[in-house]
Amino acid sequence: MTRDRRGFEYALDGVRRLTGWKVDELTLDLARSQGEVALQQGRVDALDRELRAASTRLMGQRQVDAILDIGAERSAHVYLIRVQQALGSESAQLRILQEQMETVRAALLESRRFADSLDRDRDSALAEHDLTVARLYFAAADDSWMQRQHGRKTA
């Protein structure tokens with residue numbers, strides 16, 4: 001049996017719709033944020049690999065060369081310092097992006113909880129409406145039966 005839901009109006013439908021839009025917007029923001037974090041993580045990983053490779057090359061070069069070349073050492077150290085500074089800067093940017101992503105994730109979870117509570121409340125209101133309609137239907141059926149019974153007795 002299909003339920004007659006004509007006349008049902010949920011008072012918080014506007015809020016429910018707005019909350020749904022907010023959830024959609026935050027989901028998109030979270031996806032963007034995750035993409036930015038992934039790109040930044042790639043930059044940090046690349047700089048880390050570059051720093052490790054440069055350090056390995058410098059150590060290897062020291063072992064091969066018996067005579068220490070001060071100019072080459074200075075250049076290598078300047079390069080290593082630049083890469084370390086870039087790595088520190090990119091790592092700091094990565095932490096900022098991760099914090100922003102966590103903020104968006106928390107807002108999304110809160111919005112989803114609110115949207116879910118609105119859905120549960122709407123479902124509850126629908127069930128109550130269905131019961132009310134069923135009671136009215138059964139009351140009308142009882143009245144009709146009583147009238148038919150009364151009509152049979154008088155005829």
Rounding to 0.5 Å, atoms NE2 (H77) and CG (L58) come to a distance of 5.5 Å
Going from CE on M101 to CD on Q34, what distance comes out if it is rounded to the nearest 0.5 angstrom?
-> 6.0 Å
Measure across D119 and R16 and return the closest heavy-atom pair with its distance rounded to 0.1 Å.
-> OD1-NE, 2.9 Å
The reported gap from CD in E99 to CD1 in I96 (rounded to nearest 0.5 angstrom) is 7.0 Å
Quick one: pull up CD in Q41 and CD in E36 and give me the separation to the nearest 0.5 Å.
-> 14.0 Å
Of the non-hydrogen atoms in T19 and S111, which two are nearest, and what is the gap between them?
-> CG2-O, 3.7 Å
Side chain of S75, backbone of G71: donor and acceptor closer than 3.5 Å?
-> yes
Is the closest side-chain donor-acceptor distance between E50 and Y79 under 3.5 Å?
-> yes
Linking Ile, Leu, Val, Met, Phe, Trp and Tyr through side-chain heavy atoms less than 4.5 Å apart, which residues share a cluster with F114?
-> F8, Y10, L12, V15, L118, L126
Donor-acceptor side-chain pairing of Q85 and R82 below 3.5 angstrom = no
Find the distance between OH (Y137) and CG (D142) and round it off to the nearest 0.5 Å.
-> 10.5 Å
V23 and L108: which non-hydrogen atoms are nearest, and at how many Å?
-> O-CD1, 3.6 Å
Backbone N/O of A140 and side chain of S144: donor-acceptor pair under 3.5 Å | no
Can you tell which of D29, T27, L109 makes a side-chain contact (heavy atoms from CB on, under 4.5 Å) with V104?
-> D29
Indicate yes or no: does R105 engage E102 in a salt bridge with an N to O separation below 4.0 Å.
-> yes
Heavy-atom nearest pair, S33 first then Q100, reads OG-C, 4.3 Å
For D13 and R122, the nearest pair of non-hydrogen atoms, with its separation, is OD1-NE, 3.8 Å
dist M146:CE -> D143:CG (nearest 0.5 Å) comes out at 8.0 Å
For L87 and V44 the tightest heavy-atom approach is CD1-O, 3.5 Å
Look at D48 together with R52 and state whether they make a salt bridge at an N to O cut-off of under 4.0 Å.
-> yes
CD of E128: more than 12 outside heavy atoms within 6.0 angstrom?
-> no
